[in-house]
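Have a look at the structure below, then the notes.
Just so you know, these numbers come straight off a predicted model, no measurement behind them. If you read the sequence from its start, that first residue is 1, and numbering goes on from there. All values below come from the heavy atoms of this structure, side chains included, with hydrogens, waters and symmetry mates left out.
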Amino acid sequence: MDFFKSQETLTSMEWVLRAVVGFIFLLIVARVLTQRSISQLRLLDFVIALVIGNIIAHPLSDQHLGLKGSMITTAVLMVLYISGVYMILKWPWFRRLVNSPPITIVKDGNILYEGLKKAKISLDVLLEELREGQVDDVKKVVLATWEADGKISFFLDPKYQPITPSTLGIKTEPYEHPRTIIKEGTIITSELEEIQKNEEWVTTKLERIYQTSVSNVLLATIDNKDNLKIFLYK
């Protein structure tokens, strides 16, 4: 385990072992911290992601630095991060300190330049976000706010919102997510048990409707009406 400690030189295998241990350790840290620190980089998330990356990177490229110290430091930071998350949930004053409140940048179809300056974003960024949300005219936006995670939330004026069955008073059936029963040529028996079907039922349905076998199916799903949809290997 000498590769954990600082050395004058490291062999090729010791470099490999140090990289493997560092990679596995980072995976464990990321699993504990959950994906929130990766996908939504708020202030606390950004700080922890930046610091941990730098701490682990140096001993992976410098033989004079031991890996043990970096791992201990990362573990301490991980505990501090989790503590910070709980503090955000428990104490509103700490939440306000760490997370910025939303900033209104569009109201009743009017762009608020003071809001753009406060959020430190340009007009181009606002227009880009609206285009990504398929909004072609700012005048259609009744409210847009700049969120703490760097995204823009916007709400259209009711007269520009799409018509839904609820708007027309049309009754719809409850939605049920289709179940995946075949994936990459393998039947998922646990899903079949939940819908009270068996493998024989699946193979028979495939042969009768699609004239194919399970091994040729990339993906197969079934809805609550027993409608089978398949995607074959191509």
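- Leu156 is listed as a side-chain neighbour of Lys140, based on a closest heavy-atom distance under 4.5 Å.
- The side-chain hydrogen bond (donor to acceptor under 3.5 Å, both in side chains) check on Ser190 picks up nothing, with sequence neighbours excluded.
- Every side-chain hydrogen bond (donor to acceptor under 3.5 Å, both in side chains) that Thr145 has, sequence neighbours left out, goes to Glu147.
- Asp157 CG to Gln161 CD: the interatomic distance, rounded to the nearest 0.5 Å, is 7.5 Å.
- The cluster map of Ile, Leu, Val, Met, Phe, Trp and Tyr, joined by side-chain heavy atoms under 4.5 Å apart, puts Leu228 and Phe231 in different clusters.
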Exercise for review: Check the pair Thr221 / Arg179 against side-chain contact (heavy atoms from CB on, under 4.5 Å), numbers first and verdict last.
Suggested key: CA-CA 5 Å; Thr221 61; Arg179 293 178 177 270; over 6 Å; no

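- Annotation: side chain of Ile222 is not in contact with side chain of Glu191 (no heavy-atom distance under 4.5 Å).
- Within the 4.5 Å cutoff, the side chain of Leu130 has heavy atoms near those of the Val141 side chain.
- Residues Leu232 and Leu218 fail the side-chain proximity criterion, which asks for heavy atoms closer than 4.5 Å.
- Ile163 and Val135 end up in different hydrophobic clusters when Ile, Leu, Val, Met, Phe, Trp and Tyr side chains are linked at under 4.5 Å.
- Ile188 and Val217 end up in different hydrophobic clusters when Ile, Leu, Val, Met, Phe, Trp and Tyr side chains are linked at under 4.5 Å.
- No side-chain heavy atom of Tyr160 sits less than 4.5 Å from a side-chain heavy atom of Asp137.
- Nearest heavy atom pair, residue Phe154 against residue Glu129, reads CE2-O, 4.2 Å.
- Using a 4.5 Å cut-off on side-chain heavy atoms (C-beta onward), Leu192 and Asn198 make no contact.
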Check your understanding: Under the side-chain contact (heavy atoms from CB on, under 4.5 Å) criterion, do Ile121 and Trp146 qualify, and how do the steps go?
Key -> CA-CA 9 Å; Ile121 62 172; Trp146 180 257; 3.4 Å; yes

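- How far CD1 of Ile181 is from OG1 of Thr189: 11.5 Å, rounded to the nearest 0.5 Å.
- Here CD1 of Ile230 is found 12.0 Å from NZ of Lys205. Values are rounded to the nearest 0.5 Å.
- Linking ILVMFWY residues whenever their side-chain heavy atoms come closer than 4.5 Å, directly or via other members, leaves Leu219 and Tyr210 in distinct clusters.
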**Study point:** Check against side-chain contact (heavy atoms from CB on, under 4.5 Å), Leu116 and Val125
**Key:** CA-CA 10 Å; Leu116 291 178; Val125 172; over 6 Å; no

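- Listed here is the closest heavy atom pair of Thr172 and Pro165: CG2-CB, 3.6 Å.
- Counting heavy atoms from C-beta outward, Val202 and Glu199 have side chains that stay 4.5 Å or more apart.
- No salt bridge links Asp223 with Lys229; every basic N to acidic carboxylate O contact stays at or beyond 4.0 Å.
- Counting heavy-atom neighbours within 6.0 Å of Glu132 CD, excluding the residue itself, gives a total above 12.
- By the 4.5 Å heavy-atom criterion applied to side chains, Val106 and Leu143 are not counted as neighbours.
- In this structure, the salt bridge (Lys or Arg N to Asp or Glu O under 4.0 Å) partners of Glu114, at least two apart in sequence or on a different chain, are Lys117.
- Looking only at distances, a side-chain donor or acceptor of Thr203 sits under 3.5 Å from a matching main-chain atom of Glu200.
- Using modelled atom types, no side-chain atom of Gln134 and backbone atom of Arg131 make a donor-acceptor pair closer than 3.5 Å.
- Here Leu206 contributes atom CG and Gln211 contributes atom CD; the two are 10.0 Å apart, rounded to the nearest 0.5 Å.
- Linking ILVMFWY side-chain heavy atoms closer than 4.5 Å, directly or via other members, places Trp201 and Ile182 in a single hydrophobic cluster.
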